[in-house]
Amino acid sequence: MKLLLDTHVLLWAAGEPARLSASARRLINDADNEPLFSVASLWEIAIKRGLGRKDFQVDARLLRRGLLDNGYGELPIMSDHVVAVEDLPAIHKDPFDRLLVAQATVEGITLLTLDLVVARYPGPIRKL
């Protein structure tokens, strides 16, 4: 199963896996699953790090390289992802989260999230 990791899930999986539940770690590390990261997450990290956010202190370049080196797939942002954002209900205001939901929906990929608001969207979303 393809798994798209929400940004905080991605950060914890890469740098602080102990913060994830045991079931989340099993899902991500299961050889039958394909963990993916979105370019939108790297964009979010770069922007929020530049703004000085304490929870986004990782260098997006180093994170990307480490993810690729550890077998994560990279999901680019495509125009069909962007236009699908318009069809989403107004549940969440964060544009990065909305784009991740749209990507998961368009691609039929399960989005793994810790965010209770994101988990309210219909579609292939799994709250950890």
Would you say that [X] contacts [Y] through its side chain, given a criterion of any heavy-atom pair below 4.5 Å between the two side chains?
X	Y	value
D97	D115	yes
K127	L116	yes
Q103	L100	yes
P124	I109	no
L11	V58	yes
S41	L5	no
H92	R120	no
R49	D59	yes

Subject >> Non-hydrogen atoms of L111 and A104 that approach each other most closely >> reply: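 Closest pair (atom of L111, atom of A104, distance): CB-CB, 3.8 Å.
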Original post:
Where is the tightest heavy-atom contact between L99 and A40, given as atom of each residue plus distance?
Top reply: CD2-CB, 3.7 Å
[X] with [Y], same ILVMFWY side-chain cluster at under 4.5 Å:
X	Y	result
V117	I125	yes
V101	L42	no
L67	I28	yes
V9	I45	yes
V85	L4	no

Let me confirm one number: the [atom1]-[atom2] distance from [X] to [Y], rounded to the nearest 0.5 Å.
X	Y	atom1	atom2	result
L63	T7	CG	OG1	10.0 Å
H81	E107	NE2	CD	3.5 Å
T110	L3	OG1	CG	6.0 Å
S38	E44	OG	CD	9.5 Å

**OP:** Please identify each residue that fulfils side chain to side chain donor-acceptor pair (under 3.5 Å) with E74, with sequence neighbours left out.
**Re:** R64
Is a side-chain donor or acceptor of [X] paired with a backbone partner of [Y] at a separation under 3.5 angstrom?
X	Y	value
N70	G66	yes
R25	L20	yes
N33	L27	yes
Y121	P89	yes

**OP:** Before accepting this row, confirm whether a basic side-chain N of the pair K48/D94 lies closer than 4.0 Å to the acidic partner's carboxylate O.
**Re:** yes
**OP:** Salt-bridge test for D69 and R65: reply yes if a basic N is under 4.0 Å from a carboxylate O, no otherwise.
**Re:**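 Yes, D69 and R65 are salt-bridged.
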**OP:** Mind jotting down which residue pairs meet the ring pair (Phe, Tyr, Trp, His ring centres under 6.0 Å) criterion with at least one end in residues 5-62? Sequence neighbours excluded, please.
**Re:**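 Sorted pair list: H8-F56, W43-F96.
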**OP:** Sequence neighbours left out, what pairs pass salt bridge (charged side-chain N to carboxylate O under 4.0 Å, His left out) with at least one residue falling in residues 8-17?
**Re:** E16-R19
